[in-house]
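Below: one structure, written as structure tokens.
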Amino acid sequence: MKKILVVTESFNIGGVETYISTQARVLKENGCRIHLAAGENFNQSLDFSDFDTIDYNLKLNYDTTLSELNRTISELRKIIKKYEIDIVHTHPFHSILPAVIAAKIENIPVMLTLHGPVSIEGFFGPEYDFVLNDLISKYVDLTLAVSEEVYALAQLHFKNIHLLRNSVLPVNNEVNQKLIRLNHYRCLVVSRLDADKLPGIIEFLKFAIASEEIKYIDIAGDGDSSQIIKDFVDENKCSERVRLLGFVDSISQNLSHYDLIAGMGRCVIEAAIAKKIVCLVGYDGVKGFLNDVRFTKAKKCNFSGRNLKKINYDVFFQQLKNATVISESLLKEFDAYNLWVNNLNLSDVKISNDQSFFDNFSNLIEYTSYNSDNTEPYLHSPEFRKIIETLTFSFPFESLKVIASYEQKFLSNNQLSEIHAGLLKELHYFSEKNKHETISINDNLLKLNEKINFLENIIESNHKELDSSRRTIFETINSFFKESKSRMTDFFMSVKKSKFSIVMLKRHLYQMARTSFWLMPSGLRHKLNGIRFKVVRRFRGQAVVAPLNEVNKFDLNWDSFKENILSKKDDYKGIFVQEVVIDWDVPLYQRPQHIACAFGRAGYLVIYRTTNLTHDCVNGFREVAPNVWLTNSPQVDHIKGAVRSFYSTAYSLPPQQISKLSNYSTIMYEYIDHIDPAISGDDENIKRLLELKQASFNGGADVVVASAKKLESEALEFVDKDKVILAQNGVDTCHYRDPVHVECELPTELVNFRNKYEYIVGYFGAIAPWLWYEEIEKLVLSRPDLGFVFIGPDYYGGVDKLVKADNVLYLGTVDYKVLPGYAHTFDICFIPFAPTEIARTTSPLKLFEYFALEKPVVVTSEMLECIAFDEVLSGDSAESLSKQIDKAIELSKDSEFKNRLASLADENSWDARVAEMEKSFAY
């Protein structure tokens, strides 16, 4: 008789809890004794009759501290000893580590059930991913995957994986042997009512209410979003058709009262076995009524709907008319008794020999917790980072794969030199050993060679940047094998021939690749853009922790920010969150930074999110402007009642992020650029941006902000007028009018160029594909009397296309902080966009900055947002542009004209834009 301890961080209402209860019922009936250990999220009103004992309120949460983790491991060990447990069966998420450590120290086997992709990686940050997938996955004795989707992901990290689907107990189908079609269906929606599932439920209700065939709709479930459902029912005046039943203890016993069941996960299986019509409702919408084909496909993702497309109402209505029950032959594999008794032999779960590693793990946690009063979640504490670093590089655990993963995720730039030095010491040690000892050192050398070759394979493409390090290593090797005995010569020749690199921190590797890319000739950069976008997408997918030696010591952790800043949210007009789009500390500030600062000035608490991959280096929260906090913290996702801004250019943000946050946030989609290959990147980028746009236009966004009138017109084709705001780009007038810029020190080449020409025509902004290079060249060559100055980063090889002439000066990128000083040398400001859709849909930020400088502006005639101002001059060819420049020169001497430009700048400040935008949220 097996005694099993089930460990789970929560036991409330949901699929995981039903999974555990079903397992307990079947195994208890087959002679096992089931004990339950759960976290603080525990519902005492549930049925626990199949459990022999229950322990709850254990610290198994996301915010568990290191000291609490240590106590939890001790408590689990006491439970294991007290009830003489034979197997520990743990479930995600934060229950896994303490359960595995406790079981291994007590020398008993561990089972782990993975319920979905987020059980494995990508949800709680790199620390969670590393601990689970790199440190402890190899020690889990049996891993159970609930679907093919999870099984495929688990194979990357775990051993001994078994596909064991969600299962249900047999249902008495006497009442349901034959489907009885009525004139009107009675429908039961089964779901936990939380933020994740709310979008799909709401969409199903819209479809069902619009359908005359579905007469009554009951909703069985409870959660944080139940009030939103109630409000929806009231607003749509359908309370006579829709009832909220709250939590229903036994769904399977109530199915006989209904004809149609809607939901996801386990309830799909229960409904199918009960011979009911089933509509699969996914996280993001309705996936359709299941027939045999769709059922077979949906089971591969555990009936989550992730591998099925959303359907619209027309498809919904058509599928409802043709709906059928699922064939009985497809349902046999979901029988709980068959799965837990016949398909899984618990006697075969054997413990691996790994107690010493977990003794070390536990001892490090215990020792460190006694010497630390840190109250932040242990996963994100520097103390826990030190623990996993010690384990990673300790003997005999040392594993090349684990070391590589650790270095990719966590190592700082300075630590790279330590790795370099360590390898040199190791070579020196072997050299001295060979001189003075006659024993063979071949095994050690083989190990070193394996490490060198392995590290090389990880970042082979970057080996040129490390030639200096490689030469040093090779020189040491050469010196070494010259002094070695002749029998070792062949071996060292093979080491010498192997290439060598150092595994780099994710952030450092990204910065190195980025720097290398921009040092390449622009033509080569253009050819490598496809690779570049893949690299950017990969690295910008999630925030990383900045190296501790590079961060500001005054950065606040989450607890401090919550206690000292967020707790005072009532002192602010509201909370504005800028979701990841561009690093804060870039040389040339763009719309996101300006909008953030303006919201801060308007009295909002602003949280600006960063991935820490290029210019930013923050661990926690740092105030970068009045009321504006820069952060890499994932906890921002949990802040409720905020306005969250998603940019149409943010290709690293999936549409699911909108769905995830929309139920407790106001979602603002900033449509700032036409999605075009010239500015949006490769095909994958464009696909992602279009998906984000589609999700926003189809109801995902509460507000759509368009930065140009043409973009506004496009949005109005899909979105209600009261949800669309026109908020063009603006200007920080104080920055451009600061007198300090008049006295700023300028580079000699600009001063000399300024002195050479009576009039300067200037442009600052990206040197990008959307400039009209052909006409710029004609204009420059036709006006040798004028000096042309271009300032800005080179995008996609634009500098190569820029005309090379004596009267042209290209200065590269200039920091936004001193840019006005450079621009004061201009007499005329220039925006020469080519006549394309980009020109027609762009509201150039620089236009209003030119206004603040009180400089006349000449643009190409397709720039509709610019020529809407009477003060802006335009031309459609080099010849007409030249004439307009002459006219602008005269206007530059007109004080009344310059005053009008100054007034336009005031009217179009960022503060004015924010004043318009904030009208759309109700605080």
Side-chain angles (χ1 to χ4, degrees), residues 522 526 588 590-591 648-649 671-681 706-714 726 728-731 760-783 786 788-803 808 810-811 813 819 823 826 828-851 853 855-885 887-888 904 908:
S522 56
H526 182 68
L588 192 61
Q590 299 186 29
R591 180 182 175 107
S648 62
T649 53
Y671 192 24
I672 65 164
D673 276 319
H674 180 69
I675 297 173
D676 184 286
I679 59 175
S680 304
S707 66
K709 291 179 180 177
K710 191 153 187 181
L711 298 177
E712 178 193 29
S713 298
E714 184 181 342
L726 176 64
Q728 293 138 316
N729 280 322
V731 59
I760 296 292
V761 178
Y763 166 88
F764 57 72
I767 312 300
W770 49 85
L771 297 187
W772 204 0
Y773 294 102
E774 298 84 355
E775 295 305 308
I776 293 173
E777 181 173 4
K778 293 177 186 177
L779 175 63
V780 166
L781 297 179
S782 68
R783 296 299 302 265
L786 300 175
F788 292 84
V789 174
F790 291 86
I791 297 173
D794 179 9
Y795 280 15
Y796 317 127
V799 170
D800 278 354
K801 300 177 182 178
L802 192 62
V803 58
V808 172
Y810 171 60
L811 291 171
T813 302
L819 181 60
F826 300 171
I828 310 301
C829 290
F830 195 29
I831 312 181
F833 279 26
T836 65
E837 192 65 18
I838 296 173
R840 291 185 281 274
T841 59
T842 297
S843 168
L845 189 155
K846 62 184 68 64
L847 172 68
F848 306 107
E849 293 172 331
Y850 291 165
F851 286 168
L853 290 165
K855 307 288 185 181
V857 183
V858 178
V859 306
T860 46
S861 55
E862 292 286 315
M863 303 197 70
L864 304 182
E865 292 292 322
C866 297
I867 63 176
F869 296 94
D870 294 336
E871 291 77 6
V872 174
L873 307 172
S874 65
D876 59 4
S877 65
E879 183 180 358
S880 61
L881 288 169
S882 178
K883 291 178 181 179
Q884 295 296 337
I885 288 172
K887 188 182 294 186
L904 285 175
N908 291 277

Euclidean distance, [Y] [atom2] relative to [X] [atom1], rounded to 0.5 Å:
X    : Y    : atom1 : atom2 : answer
S707 : L726 : OG    : CG    : 8.5 Å
T842 : L711 : OG1   : CG    : 7.5 Å
L845 : Q590 : CG    : CD    : 8.0 Å
I838 : L771 : CD1   : CG    : 10.0 Å
I776 : F788 : CD1   : CZ    : 9.5 Å
L802 : Y763 : CG    : OH    : 10.0 Å

ask   = Between F848 and F851, how do the two ring planes meet: parallel, tilted or perpendicular, split at 30° and 60°?
value =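 Perpendicular, since the angle between the ring planes exceeds 60°.
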
With sequence neighbours left out, the residues meeting ring-ring contact (aromatic ring centres under 6.0 Å, His included) with F764 are Y850

Quiz prompt | Counterpart residues, ring-ring contact (aromatic ring centres under 6.0 Å, His included), relative to Y810 (two or more places apart) | solution =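 Scan of Y810 (ring-ring contact (aromatic ring centres under 6.0 Å, His included), adjacent residues dropped) gives none.
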
*Is there a donor-acceptor pair closer than 3.5 Å between any side-chain N or O of K855 and the backbone N or O of F826?*
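It does hold such a pair.
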
Q | Sidechain-backbone polar pair: S874 side chain, I867 backbone, donor-acceptor under 3.5 Å | A |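 Checked: no pair found.
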
Please name the pair of heavy atoms, one in [X] and one in [Y], separated by the smallest distance, quoted to 0.1 Å.
X    : Y    : answer
L873 : K887 : CD2-CD, 4.0 Å
V857 : V859 : CG1-CG1, 3.8 Å
A768 : Y773 : O-OH, 2.6 Å
A839 : A834 : CB-O, 3.2 Å
G792 : I767 : O-CG1, 3.7 Å
I885 : L786 : CG2-CD1, 3.8 Å

Is the shortest side-chain heavy-atom distance between [X] and [Y] below 4.5 Å?
X    : Y    : answer
W772 : L779 : no
I760 : I828 : no
E777 : K801 : no

Open item on the list: According to salt bridge (Lys or Arg N to Asp or Glu O under 4.0 Å), does anything in residues 862-877 pair up with another residue at least two apart or in another chain? List the pairs.
Closed with: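 Only R840-E862, E871-R900 qualify under salt bridge (Lys or Arg N to Asp or Glu O under 4.0 Å).
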
### Query
Yes or no on side-chain contact (heavy atoms from CB on, under 4.5 Å) for V761 and V789, after CA distance, side-chain angles and deciding distance?
CA-CA 6 Å; V761 178; V789 174; over 6 Å; no

Test N729 against L847 for side-chain contact (heavy atoms from CB on, under 4.5 Å), laying out the working first.
CA-CA 9 Å; N729 280 322; L847 172 68; over 6 Å; no

Might you work through the side-chain contact (heavy atoms from CB on, under 4.5 Å) test for F869 and N908, ending with a clear yes or no?
CA-CA 12 Å; F869 296 94; N908 291 277; 4.0 Å; yes

Applying salt bridge (charged side-chain N to carboxylate O under 4.0 Å, His left out), name anything that partners [X], two or more places apart in sequence or on another chain.
X    : answer
K710 : E837
K778 : E775
R591 : E670
E879 : K883

Looking at residues at least two apart in the chain, or sitting in another chain, which of them share a side-chain hydrogen bond (donor to acceptor under 3.5 Å, both in side chains) with S882?
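If we apply the side-chain hydrogen bond (donor to acceptor under 3.5 Å, both in side chains) test to S882, skipping adjacent residues, the hits are R783.
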
Applying side-chain hydrogen bond (donor to acceptor under 3.5 Å, both in side chains) to S877 and not counting sequence neighbours gives S880

- Task: For E712 and Y671, run side chain to side chain donor-acceptor pair (under 3.5 Å): C-alpha distance rounded to whole Å, both residues' side-chain angles, the deciding distance at 0.1 Å, then the answer.
- Result: CA-CA 8 Å; E712 178 193 29; Y671 192 24; over 6 Å; no

